[in-house]
Novice: 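One structure follows; several queries about it will come next.
Only a predicted model underlies this, so the values are computations on that prediction, with no experimental measurement involved. One-based numbering, in listed order, for ligands and for the atoms of each.
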Amino acid sequence: MKRVFNFSAGPSMLPLSVLEKAASEMVCYGDSGMSVMEMSHRSAFYDEIIKSAEALLRKIMNIPDNYKVLFLQGGASTQFAAVPLNLMNGSGKADYILSGQFSTKAFKEAQKYGDVVAAASSKEENFSRIPETTRESFRPDADYVHICFNNTIYGTKYNYIPDTGDIPLVADMSSCIISEPVDVSKFGLIYAGAQKNMAPAGLTVVIVREDLIGKARDITPAMLDYKLMADNGSMYNTPPCYCIYIAKLVYEWIDSMGGLEEMKKRNEKKAALLYDYLDSQDYYIAPVQKESRSMMNVTFVTGDAELDKKFASEAAKAGLQNLKGHRSVGGMRASIYNAMPYEGVEALVAFMKKFAQENPKA
Ligand SMILES: *Cc1c(COP(=O)(O)O)cnc(C)c1O
């Protein structure tokens with residue numbers, strides 16, 4: 001069967017060359033005589049895999065030496081609790097910017113552990129833009145400020161890094177990590193579930209400044225304690241071995257393509273093709289305000305729920321799958337992560353034109 005263009009928000013497309021490489025090594029990895037799935041995480045073969053995964057991620061993201069890279073489990077959602085347990089231990093306060101569902105979930109989870117307030121929110125505008133903040137928006141004694149850098153469901157993204165002064169900035173980058181260069185030194189902590197842009201589901205990457213760890217609350221579960229995980233090289237227990245191996249192949253792929261500058265160029269080109277089309281016509285509406293548009297998740301609607309449904313189902317038949325918007329917002333969403341080729345977006349735009357012609361609005 002032919003592979004389709006898969007616009008799923010996550011788990012999502014992986015580069016074909018990565019899948020092929022994994023397939024070629026599936027049964028027997030190197031001279032190990034076994035699959036990566038079968039090998040001890042303490043073996044020399046696996047040690048090399050996890051160490052090169054970390055080294056490659058450090059290289060492509062240009063992660064400073066005073067940051068730890070952790071390969072964890074539990075998805076990004078587990079970090080909603082791990083972050084306050086580890087970081088909210090000075091004043092016991094944290095400020096959250098609410099820009100969509102995931103940041104709201106993170107906010108609600110953190111409220112279980114301390115004095116947590118919303119410093120800004122775009123809920124009133126249906127999360128169609130990134131809320132604006134200044135240094136004055138945040139409580140000066142907050143232990144950290146939390147943001148969601150790219151809002152997967154609404155299709156919005158920060159086009160700047162909020163100024164929080166000396167307060168550590170924590171960012172959920174699940175759906176935009178390694179899509180373009182970011183200045184890691186501007187953040188206290190970055191976390192991301194792997195299944196959008198890095199690997200299969202099951203792996204969560206945490207990048208954290210060293211001085212922020214080692215202050216976890218006594219009640220922090222061992223599995224959520226960054227210091228314990230860092231001291232054990234992410235191997236306090238069995239790590240998500242196979243996911244880390246695939247992440248390593250993805251990082252190699254990015255490195256061989258020219259790194260994150262090149263990814264950014266490609267992603268900008270794909271997103272521009274789709275947004276330029278959306279801006280050139282009036283059949284489809286793009287609800288997100290222009291300055292907050294995501295390069296990874298592009299949302300649009302026809303304005304008619306029945307037509308939206310028809311669009312997603314006919315697109316799927318044409319080999320353009322998973323274009324239905326998130327169940328909470330409806331409409332359409334095209335997730336165009338690193339692995340989505342330009343041709344996939346070309347095919348989508350061609351389909352959109354055809355659909356608009358064949359389905360005039362009443
Ligand atoms: C998908 C996603 C999550 C949830 O990730 P899980 O790994 O399923 O817990 C959180 N935040 C963002 C921005 C996401 O895109």
Side-chain angles (χ1 to χ4, degrees), residues 6-14 70-85 94 96-110 112 121-123 127-131 144-159 161-162 169-180 182 187 189-208 221 223-224 234 239-240 242-244 246-247 250 267 271 288 292-299 322 324-329 333-340:
N6 177 9
F7 293 90
S8 170
S12 35
M13 279 184 90
L14 287 164
L70 308 176
F71 294 113
L72 308 176
Q73 304 189 48
S77 303
T78 297
Q79 295 308 312
F80 298 168
V83 166
L85 282 165
Y96 279 61
I97 301 181
L98 306 189
S99 57
Q101 277 195 21
F102 290 118
S103 53
T104 304
K105 277 187 173 171
F107 168 69
K108 288 192 176 143
E109 187 77 353
K112 295 176 184 169
S121 170
S122 52
K123 186 165 192 277
F127 295 124
S128 61
R129 66 175 182 89
I130 296 295
Y144 64 89
V145 170
H146 180 283
I147 62 172
C148 179
F149 212 51
N150 183 78
N151 297 280
T152 326
I153 294 174
Y154 295 90
T156 62
K157 182 190 177 270
Y158 282 82
N159 60 14
I161 297 173
L169 180 60
V170 173
D172 177 353
M173 291 201 189
S174 295
S175 49
C176 60
I177 195 160
I178 63 174
S179 62
E180 62 179 333
V182 286
F187 298 87
L189 187 149
I190 292 167
Y191 64 91
Q195 70 272 24
K196 314 285 163 64
N197 218 5
M198 292 196 286
L203 166 66
T204 310
V205 172
V206 171
I207 300 164
V208 56
M223 287 294 292
L224 302 190
S234 300
Y242 198 76
C243 292
I244 295 169
I246 299 286
V250 169
N267 289 328
V288 166
S292 296
R293 282 175 169 177
S294 166
M295 192 163 65
M296 297 279 99
N297 312 99
V298 180
T299 50
N322 291 312
K324 193 163 168 279
H326 188 269
R327 59 188 187 281
S328 63
V329 298
R333 171 178 53 176
S335 295
I336 49 175
Y337 300 116
N338 288 347
M340 173 61 69

Novice: Could you point out which residue of Thr299, Asn151, Asn150 forms a side chain to side chain donor-acceptor pair (under 3.5 Å) with Thr156?
Specialist: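 In the set Thr299, Asn151, Asn150, the residue that makes a side chain to side chain donor-acceptor pair (under 3.5 Å) with Thr156 is Asn151.
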
Novice: Are Lys196 and Phe102 in a cation-pi setup, meaning NZ or CZ lies under 6.0 angstrom from the ring centre and within 45 degrees of the ring axis?
Specialist: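 Pair Lys196/Phe102 counts as cation-pi.
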
Novice: Heavy-atom distances under 4.0 Å are what count here, so tell me which part of Cys148 touches ligand 1: side chain, backbone, both or neither.
Specialist: side chain

Novice: Looking at atom 11 (N) of ligand 1, what's its closest protein heavy atom, distance included?
Specialist: Asp172 OD2, 2.6 Å

Novice: Please report which non-hydrogen protein atom sits nearest to atom 3 (C) of ligand 1, along with the residue it belongs to and the distance in Å to one decimal place.
Specialist: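 Answer for atom 3 (C) of ligand 1: Phe102 CE2, 3.4 Å.
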
Novice: Any side-chain heavy atom of Tyr191 within less than 4.5 Å of one from Val170?
Specialist: yes

Novice: Give me the atom names and distance for the closest heavy-atom approach of Ser328 to Gln101.
Specialist: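 Residues Ser328 and Gln101, closest heavy atoms: OG-NE2, 2.6 Å.
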
Novice: Which ligand 1 atoms are under 4.0 Å away from a heavy-atom of Asn150?
Specialist: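 Under 4.0 Å from Asn150, ligand 1 has these atoms: 13 (C).
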
Novice: Please report which non-hydrogen protein atom sits nearest to atom 5 (O) of ligand 1, along with the residue it belongs to and the distance in Å to one decimal place.
Specialist: Ala76 CB, 3.5 Å

Novice: For atom 9 (O) of ligand 1, what's the nearest protein heavy atom and its distance?
Specialist: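 Looking only at protein heavy atoms, the one closest to atom 9 (O) of ligand 1 is Ser77 OG, 2.6 Å.
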
Novice: Quick one: does ligand 1 sit under 4.0 Å from the side chain of Thr78, the backbone, both or neither, non-hydrogen atoms only?
Specialist: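 The answer is neither.
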
Novice: Can you find an N/O atom of Lys196 closer than 3.5 Å to an N/O atom of ligand 1?
Specialist: yes

Novice: Could you state the interatomic distance from OG (Ser121) to CD1 (Ile97), rounded to the nearest 0.5 Å?
Specialist: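 That separation rounds to 10.0 Å.
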
Novice: Measuring from atom NZ of Lys157 to atom CE of Met296, what distance do you get when rounded to the nearest 0.5 angstrom?
Specialist: 9.0 Å

Novice: Short list, please: which atoms of ligand 1 are under 4.0 Å from a heavy atom of Thr152?
Specialist: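 Here the atoms of ligand 1 in question are 12 (C), 13 (C), 14 (C), 15 (O).
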
Novice: Verify the distance criterion only: is there a donor paired with an acceptor across the side chains of Tyr337 and Asn297 at less than 3.5 Å?
Specialist: yes

Novice: Atoms of ligand 1 less than 4.0 Å from Gln195 heavy atoms?
Specialist: 5 (O), 6 (P), 7 (O), 8 (O)

Novice: Strictly by modelled atom types, are Gln79 and Thr204 linked by a side-chain donor-acceptor pair under 3.5 Å?
Specialist: no

Novice: So if I count the atoms of ligand 1 from 1 in the order they appear, which ones are less than 4.0 Å from some heavy atom of Gly75?
Specialist: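 Those qualifying, in numeric order: 7 (O), 9 (O).
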
